[in-house]
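First the structure, in the form of structure tokens, and then the observations on it.
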Amino acid sequence: MKYSNIIKGKFKSRPNRFIAIVEIDGAEEICHVKNTGRCKELLVKDTVVYLCKSDNPNRKTKYDLIAVEKGNLLINMDSQVVNGVCCEYIPKMFKDIVLIKPECKYENSRFDFFVETKTEKIFIECKGVTLEEDGVALFPDAPTERGCKHLKELQNAVKNGYAAYVVFVIQMKGVTRFEPNVKTHREFAEELKSAKENGVNILAFDCIVTEDEIKIDKEIDIKL
């Protein structure tokens, strides 16, 4: 996924989960944050951030905050780009695809993708990962009851003859493995183990991230 009109700035503060104050060329601007997670380990005062300037003159905010520097890492923190990144990669995951349908409802959930091949019907749920500690990618960064619900529904889908995948898109390079974040949400970690035991495929991929692009690169190890 490519961005245009990228501008460099310095993060100053985050008054609420939707906006940030960023210094651009010496002036402070209110920017839209495309991630409602906590991201406290990323959005530290005076951290270098990258913004996408909107070409819509009617917007309340001129910029979207999409990436941040964390030490030697460049981390894309745009949660809205994850599905697009996954959609670009799906043709590499399966052969003989006849249908890719986004935002597909199943029972009481809406999964990110329904994929049909000549031999399988598949539900895919994608999760963006921006939390990194000592080279380990962790999800979630805040409790996610919705995430637990998705995992339960995917297990039901498997019982009903579908294939099911959870794809963790790690929005950076430089991590060695992926783990569920037990200390933040133990229930999600336990449900993820249950999902794997009940036939849900769990995958994690890192990404090549630049100031104006993000794309899936390599599958990485998972420790449940």
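The structure displayed is predicted, hence computed values, not measured ones.
A donor-acceptor contact closer than 3.5 angstrom is absent between the side chains of N76 and Y50. With 3.5 Å as the limit, one finds no donor-acceptor pair spanning the side chains of R146 and T144. D212 and T210 form a side-chain donor-acceptor contact under 3.5 Å, judged by distance and modelled atom types alone. Side-chain N/O atoms of H32 and K60 include no donor and acceptor closer than 3.5 Å. Side chain to side chain, S194 and Q155 meet the donor-acceptor criterion of an N or O pair below 3.5 Å.
For K105 (side chain) and E107 (main-chain N/O), a donor-acceptor pair under 3.5 Å exists by modelled atom type. No donor-acceptor distance shorter than 3.5 angstrom exists from the side chain of T61 to the backbone of I30, with no hydrogens or angles considered. Side chain of K149 to main chain of N108: a donor-acceptor pair is present (N/O by atom type, distance under 3.5 Å, no hydrogens or angles). Checked by atom type and distance alone, the side chain of D112 pairs as donor or acceptor with a backbone atom of C126 at under 3.5 Å. A donor-acceptor pair under 3.5 Å links the side-chain atoms of T176 to the main chain of G135, judged by distance alone.
Distance check, rounded to the nearest 0.5 Å: SG of C104 to CD of E125 gives 11.5 Å.
Ring-centre distance between F168 and F205: not below the 6.0 Å cut-off. Aromatic rings from F123 and Y106 are positioned such that their centres are separated by under 6.0 Å.
Cluster annotation: M172 and I6 are assigned to distinct hydrophobic clusters (Ile/Leu/Val/Met/Phe/Trp/Tyr, side-chain heavy-atom contacts under 4.5 Å, transitive). Linking Ile, Leu, Val, Met, Phe, Trp and Tyr residues whenever their side-chain heavy atoms come within less than 4.5 Å places V68 and F139 in a single cluster. V115 and F111 fall into different hydrophobic clusters, where Ile, Leu, Val, Met, Phe, Trp and Tyr side chains are chained together by heavy-atom contacts under 4.5 Å.
Within a 6.0 Å radius of NZ in K121, other residues, nucleotides and ligands contribute 12 heavy atoms or fewer. For K70, the NZ atom counts as densely surrounded, since its 6.0 Å shell holds more than 12 non-hydrogen atoms of other residues, nucleotides or ligands. The number of heavy-atom neighbours closer than 6.0 Å to NZ of K152, taken from other residues, nucleotides and ligands shown, is above 12.
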Exercise for the section: Might you work through the side-chain contact (heavy atoms from CB on, under 4.5 Å) test for K127 and H150, ending with a clear yes or no? Expected result: CA-CA 11 Å; K127 305 292 186 187; H150 282 150; 3.2 Å; yes
